[in-house]
Asks: 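Take this structure, written in structure tokens, and hold onto it; I'll ask about it next.
If you read the sequence from its start, that first residue is 1, and numbering goes on from there.
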Amino acid sequence: MAISMNLWSVEGGSPKKIQNSRVDLESYLEDWVCADPMLLNLDVMIIGRQVHTTFCGYIDLIAITREGDLVVIELKRDKTPRDIVAQCLDYASWVCELGYEEIIEIYNKHSNKSLSEEFSSFYDEAIPETLNENHQIVIVAASLDDSTERIIGYLTEKHAININAVFFNVFEYEGRQLIGRSFFKDPEKIEERSNQSKRAAWTGYYFVNTGIDSHNPRKWELNIKYGYISAGGGPRWISAIKKLSPGDKIFAYIKGSGYVGYGVVEDIAVPVTEFTLGDRLFINELPEGHQWKIEDVSDTAGEWFVRVNWVKTFDSDNAKWLTNGFANQNVVCKLRDSRTFEFLFKEFNVDIQG
């Protein structure tokens, strides 16, 4: 059965269906995704548009992840299910062979700037020495049909290929147009399955970067006192903190210091304005004029909080660090480095049952 999307507004205690818009969505999607890949929930940097392959095809968009992996983003438009999937696999067979210099060349045609410099600016870290160790495919569509779903399901489930589909619908409501988005498969599960044989197994614990530095109002002592971890400043960071769910076990890290906390997530992410301390709001504990009190808060702006039960913490001066241990600029990522995990397990006296 083909996936469909509908929206309802609740009026007078009863649901009222919101009508679909007749806008030609696919004529806009490439521009929108190119301008903001977070529309696909992808924290990636676009490095090429309408990229010509040696097979004489043109890939709509190519992006690069923080880890240096490539992402093929292709719009379904009016292609048949067989055509779009076959085309994407054809493109992927070309992309997977791209070397460092070829990736640089693709970016040079997309921008007159240096890829290494722009990568460092975008991700706040140096470009990896090795690029394109893995790749993934994302099909973008205004709708999905039975055949496309069946083929993608087969490729992901039976062959562990990192391919997914994202589809959008536009709705008309009170004179405005609303966009709805849905994934065919859970992106994290597809990535985990496709990388099982390519990377170390997940330890079951998360690395969380506190984002604490001298340029923002985040304070580790407040994290400890009020029981939270936070992130913000843009959709990439907000989307990352929203990945945490109740029950997730995390190790908190301060850049330049080390690991400072081990805890268990107790609630989903909420805007700072909605984070409660019993019967009062956290925001009211802050002094007048505090940045978090005056900045706008939305799904793409402001600070977002995740409630955490800190099991064991250290102040930043006594942070725990292992030479050549795992750390990066990701807000949230799965901790896979077994050497770092074994070190943290001992330093924080982790109860494997807790």
Asks: Less than 4.5 Å apart, side chain to side chain, heavy atoms only: is that true for Phe326 and Cys333?
Replies: yes

Asks: Could you check if a side-chain atom of Pro246 sits within less than 4.5 angstrom of a side-chain atom of Ile268, using non-hydrogen atoms only?
Replies: yes

Asks: Does the plane of the ring in Tyr123 sit parallel, tilted or perpendicular to the ring in Phe119? Use 30° and 60° as the thresholds.
Replies: tilted

Asks: Any salt bridge between Lys312 and Glu347, counting N to O under 4.0 Å?
Replies: no

Asks: So, the side chain of Ser182 versus the backbone of Phe167: is there a donor-acceptor pair under 3.5 Å, distance only?
Replies: no

Asks: At their closest point, which heavy atom of Glu295 faces which heavy atom of Gly302, and how far apart are they?
Replies: OE2-CA, 3.6 Å

Asks: Answer yes or no: is there a donor N or O on one side and an acceptor on the other, between the side chain of Asn330 and the main chain of Val332, under 3.5 Å?
Replies: no

Asks: Keeping the roles fixed (side chain from Thr276, backbone from Arg280), state whether a donor-acceptor pair exists under 3.5 Å.
Replies: no

Asks: To the nearest 0.5 Å, what is the distance between CG on Asn328 and NZ on Lys255?
Replies: 10.5 Å

Asks: Between Asn223 and Tyr228, is there a donor-acceptor pair closer than 3.5 Å when you use the side chain of the first and the backbone of the second?
Replies: yes

Asks: Got a salt bridge between Lys243 and Asp248, using NZ or NE/NH1/NH2 to carboxylate O under 4.0 Å?
Replies: no

Asks: side-chain contact (heavy atoms from CB on, under 4.5 Å) with Pro217: which residues, sequence neighbours excluded?
Replies: His290, Gln291, Trp292

Asks: For the residue pair Tyr253 and Phe207, does the interplanar ring angle fall in the parallel (under 30°), tilted (30 to 60°) or perpendicular (over 60°) class?
Replies: tilted

Asks: Please give me the minimum heavy-atom distance between Ile46 and Cys34, naming the atom from each residue.
Replies: CG1-O, 3.8 Å

Asks: For Val270, which residues count as a side-chain contact (heavy atoms from CB on, under 4.5 Å) partner, sequence neighbours excluded?
Replies: Glu274, Phe275

Asks: Treating Tyr91 as the side-chain partner and Tyr58 as the backbone partner, does any N or O pair qualify as donor plus acceptor under 3.5 Å?
Replies: yes

Asks: Do the ring planes of Tyr205 and Tyr262 sit parallel (below 30°), tilted (30 to 60°) or perpendicular (above 60°)?
Replies: tilted

Asks: Would you please name every residue forming a side-chain contact (heavy atoms from CB on, under 4.5 Å) with Leu40, sequence neighbours left out?
Replies: Val33, Leu42, Ile73, Val138, Val140, Val166, Phe168

Asks: Can you tell which of Trp220, Trp321, Phe348, Phe251 makes a ring pair (Phe, Tyr, Trp, His ring centres under 6.0 Å) with Phe314?
Replies: Phe348

Asks: Quick check for you: to the nearest 0.5 Å, what is the distance between Glu157 atom CD and Ile152 atom CD1?
Replies: 12.0 Å

Asks: Heavy-atom count around Phe55 CZ within 6.0 Å, excluding the residue itself: above 12?
Replies: yes

Asks: With a 6.0 Å cut-off (strictly less than), is the heavy-atom count around NZ of Lys293, excluding the residue itself, greater than 12?
Replies: yes

Asks: Between the main-chain N or O of Gly99 and the side-chain N or O of Asn132, is there a donor-acceptor pair closer than 3.5 Å?
Replies: no

Asks: Does Gln50 form a side-chain hydrogen bond (donor to acceptor under 3.5 Å, both in side chains) with Asp60? I'd like the steps, not just the answer.
Replies: CA-CA 5 Å; Gln50 293 300 315; Asp60 289 332; 3.0 Å; yes

